[in-house]
There are 2 protein chains.
Amino acid sequence: MKIQAYDISRQASAATLIFDAIRQAILNGDLTQGEPLRQEDIARAFNVSRVPVREALLKLEQHGLITSQRYKGAVVAGLSLEEANEIFEFRALLEPEIIRRAVPHMSPEIMEAAANCCEAFGRADDPMQWGDLNRRFHKTLYAPSGLAYHMEMLDKAMDRIDPYLRAQLLLSEGMQRANREHLMIVDACKSGKADTAADLTRQHILGAQESLSRYWKK
Amino acid sequence: MKIQAYDISRQASAATLIFDAIRQAILNGDLTQGEPLRQEDIARAFNVSRVPVREALLKLEQHGLITSQRYKGAVVAGLSLEEANEIFEFRALLEPEIIRRAVPHMSPEIMEAAANCCEAFGRADDPMQWGDLNRRFHKTLYAPSGLAYHMEMLDKAMDRIDPYLRAQLLLSEGMQRANREHLMIVDACKSGKADTAADLTRQHILGAQESLSRYWKK
DNA sequence: GTATTGTATATTGTATCCAATTTTAGAATC
DNA sequence: GATTCTAAAATTGGATACAATATACAATAC
């Protein structure tokens with residue numbers, strides 16, 4: 001085969017493209033809590049009928065990013081501080097276990113990639129990138145755990161609190177602290193200390209939760 | 001208000017009814033791994049068009065109960081023993097923490113209800129009920145935790161391994177052992193020993209996982 | 001006989017249309 | 001002027017019609 005081929009059956013459907021676009025808009029904060037999502041408007045914007053739009057909205061609802069009521073339509077879901085706190089606790093339960101299981105299988109390449117994320121994270125000037133780089137960093141380290149289901153659940157949880165995470169990173173110390181802690185986690189991984197990495201990860205998460213709560217109250 | 005009223009705006013849509021029916025069929029084992037789910041067939045069976053059927057299939061896919069490919073259709077998802085094991089570990093992470101947080105808020109009514117589940121569980125002769133009663137028992141105890149998100153994730157996880165759970169309960173010792181351990185958990189809750197309840201729950205789950213793995217290999 | 005290509009059928013994805021329900025604006029009443 | 005009823009507009013849920021793709025099988029070439 002002389003042709004540079006690829007699996008075109010993997011082409012995204014209209015519904016998938018719309019889902020991704022709206023999800024991104026919510027995570028970026030372009031769509032905020034309570035914003036109504038009219039099927040007709042979205043369909044016009046994407047130049048499609050309402051059918052794939054409905055499909056996208058259904059998926060968004062399953063992800064918890066929007067809530068919808070019969071005959072009333074969908075709005076961007078809100079997340080109270082209490083709910084966000086619960087999701088932080090969910091993370092604090094999952095992530096230490098994931099990294100503990102990942103450390104024994106971490107290749108030098110993985111740690112290299114994680115370190116690169118760290119570096120890019122420290123260097124990035126656009127606050128909009130911080131959230132993405134942060135998530136990529138953690139995801140890279142977690143991949144060798146083999147805990148696909150855990151990571152899937154974690155990913156959904158991260159989507160849910162994404163706006164809060166970005167807010168937390170925007171806090172004056174949030175960004176520096178995260179970077180410092182990331183480096184410590186990478187160090188623990190490099191020296192194969194699984195339990196240490198797990199502890200640091202747990203503190204990393206609970207620390208972010210705490211600083212967010214403190215900021216949100218005032 | 002003398003009338004037994006309910007929120008009729010909460011009436012289920014056709015899609016929801018279809019979702020519930022197919023979900024139940026999968027959990028009961030009436031639909032097994034790889035079984036194709038044709039939109040047209042399902043639509044005919046429920047006397048609706050394919051639109052609500054597609055909606056139901058989307059939800060089932062998000063729940064991980066089916067997998068679907070563009071233009072190829074959906075089939076009932078399979079779950080390897082490895083994947084099932086991971087979900088047991090997911091449970092072993094979540095449930096102890098949930099019950100630990102629930103114990104301090106457990107009312108006598110809750111414990112009564114849980115004990116009733118236990119009793120019904122021990123008395124039920126139809127193996128088909130065991131799985132349901134088992135889940136109801138745990139759900140009852142977990143409710144006071146206030147960890148709605150955790151419980152939502154747990155519920156999806158339980159759906160995913162439901163057939164395995166039923167198989168495990170069918171093992172000669174599975175049912176008796178579960179019942180014995182349930183009673184111990186209730187006891188710990190009654191005496192307010194949150195950590196003990198958590199430990200027992202963890203062992204309850206890991207024990208089930210282990211007995212299932214042992215059975216499945218041979 | 002085997003491999004390739006064309007064709008028919010089945011199935012899913014999307015568009016368009018109709019029905020059910022909610023929301024809104026205005027008229028009627030007090 | 002405020003409130004309640006009413007009708008129309010807006011919006012979503014579902015049905016039908018059509019387009020895109022996959023699968024199975026016949027037709028053809030070698």
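Source: prediction; values computed, not measured. Within every chain, numbering begins at 1; the chains are lettered A, B, ... in the order of the sequence lines, protein sequences first and strands thereafter.
Counting heavy-atom neighbours within 6.0 Å of B/N47 CG, excluding the residue itself, gives a total of 12 or less.
Classified by interplanar angle (parallel below 30°, tilted 30° to 60°, perpendicular above 60°), the ring pair B/H182/B/H204 is perpendicular.
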Can you give one letter per nucleotide of nucleotides 8-19 of chain C, going 5' to 3': B for a protein heavy atom under 4.0 Å from the base, S for sugar-phosphate only, - for none? ---SBBBBB---
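Whole-Å rounding puts the B/I18 CD1 to D/dG14 P distance at 8 Å.
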Residues 24-39 of chain A side chain polar contacts: donor-acceptor under 3.5 Å, at least two apart:
from	atom 1	to	atom 2	distance (Å)
A/N28	ND2	A/Q24	O	3.4
A/Q39	OE1	A/R50	NE	3.0
A/Q39	OE1	A/R50	NH2	3.3

Side-chain donor-acceptor distances from residues 86-97 of chain B under 3.5 Å, at least two apart:
from	atom 1	to	atom 2	distance (Å)
B/E86	OE1	A/A148	N	3.3
B/E86	OE1	A/Y149	N	3.4
B/E86	OE2	A/A148	N	3.2
B/E86	OE2	A/Y149	N	2.7
B/E86	OE2	A/H150	N	2.9
B/E86	OE2	A/H150	ND1	2.8
B/E89	OE1	A/R101	NH1	2.8
B/E89	OE1	A/R101	NH2	3.1
B/R91	NE	B/E95	OE2	2.6
B/R91	NH2	B/E95	OE2	3.2
B/E95	OE1	B/Y142	OH	2.3
B/E97	OE1	B/R100	NH1	2.8

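At a threshold of 4.0 Å, the pair B/D20-B/K59 does not count as salt-bridged, since none of the basic side-chain nitrogens sits closer than that to a carboxylate oxygen.
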